[in-house]
Amino acid sequence: MNNINFDPIELTQALVRCQSVTPADNGALDIVENHLTHLGFLCTRLPFSEINYDDIDNLFSSIGSTGKNLAFAGHTDVVPPGNESSWKYPPFSATIDGDKLYGRGSEDMKSNIACFISATNDFINKHGRDFNGQISFIITGDEEKKAVNGTIKMMEWAKKNNITFNHCIVGEPTSNKQMGDKIKIGRRGSISFFLTVKGVQGHTASSHRAENPAHHLITMLQKIISTPLDSGNEYFLPSSIQIPTFDISNPAVNVIPETARATINIRFNDQHTSESLIKWMQKHIDEIFKPLENASCTFTCDETGESFLTKPGELTTLMSKSISEVTGQNIEPELATDGGTSDARFIKDYCEVAELGIRNQTLHQVDEFVYLSDIEELKKIYFRIIENYFEKN
Ligand SMILES: [Zn+2]
């Protein structure tokens, strides 16, 4: 086993240097596996396949056989760098310049994986391998694209093998202005509706022989956007309805068009599901179009994720306490549910899960970077969480 180095900055660099744009791995999982094996973890590779999708490799690692099981979940895959010449440094060079480390995946989320491995190393060095508890790593290579061969299947595999987790920390970049000021305990869901209204084409001067679909679509959309879905709750902002497209594509001012189209995108909280929103959409359509003889509305939809929430509990309390112990600040971290979806959605049905990681600043952007001092601080926070979790102070 070569190149074992638990320094969180050097380990982040080693991971960033693997060009692991989904579905490629290029050695990223090997680095994680080699380090964890060195610490006495048992490692199992879990390659999964699915028709019409890329085969993807994953890694499950664990140490200990009794006591509470604390899991860390993360992904080694990254999004493409885009135009490499736009980058200040080559995106997979992991260049350090001043107080920053640049590279695709440095923030999302290789530094977080490096920090948790490094914190685990410190913990085992201090307290030994026999700490009367279990630590597990759920590391996938399939998060950034369709995520069909990743965490969702790893959790099913664990269940089949009678592996249970008490709590799980997902290492997504969640911190905002300061390290540890934000923990995510859920995410909003997203659904898009693609509406087509069909009327009767005609001359604008003879509107009695035509039926303008645009007018009916506008009436319905006006009703939809003027009636809020909800007013939010303790953990979620109000659900948001947006109309990103409205298309008639009619080039002639004297023609009443035959069809009109629009898209509605909804970011919804835990008071709704895709299913309930499909019914809500149909109800609006029926109200406007059922009484009409010459106009009708049809739709298709794309459900990209349900909303979810893990109610704050033992884990978030312990995380908050550990963060303030390390940062010396007495500010409670915000328990948030904003942003896009994450793999926590596949874990929430198995155990209490929360997301905590480095500051969210440049993920998926050109010149993605992390501050070196943030890496050091995150490692300390993770270490403190592990110590507090297993009551080793
Ligand atoms: Zn991520």
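Whatever order the structure lists them in is the order used to number ligands and atoms, beginning at 1. Since this is a predicted model, take the numbers as computed values, not measurements. No hydrogens, no waters, no symmetry mates; every other heavy atom, side chains included, goes into these values.
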Shortest-distance N, O or S atom of Asp108 relative to the Zn ion (ligand 1): OD1

If you check every N/O/S atom of His75, which is the one nearest the Zn ion (ligand 1)? NE2

Could you walk me through whether Phe193 and Ile278 pass the side-chain contact (heavy atoms from CB on, under 4.5 Å) test, one step at a time? CA-CA 9 Å; Phe193 293 101; Ile278 290 168; 4.0 Å; yes

Between [X] and [Y], does the ring centre distance come in under 6.0 Å?
X: Phe123; Y: His127; value: yes
X: Phe236; Y: Phe268; value: no
X: Phe165; Y: Tyr350; value: no

Glu143 backbone or side-chain N/O/S under 2.8 Å from the Zn ion (ligand 1): no

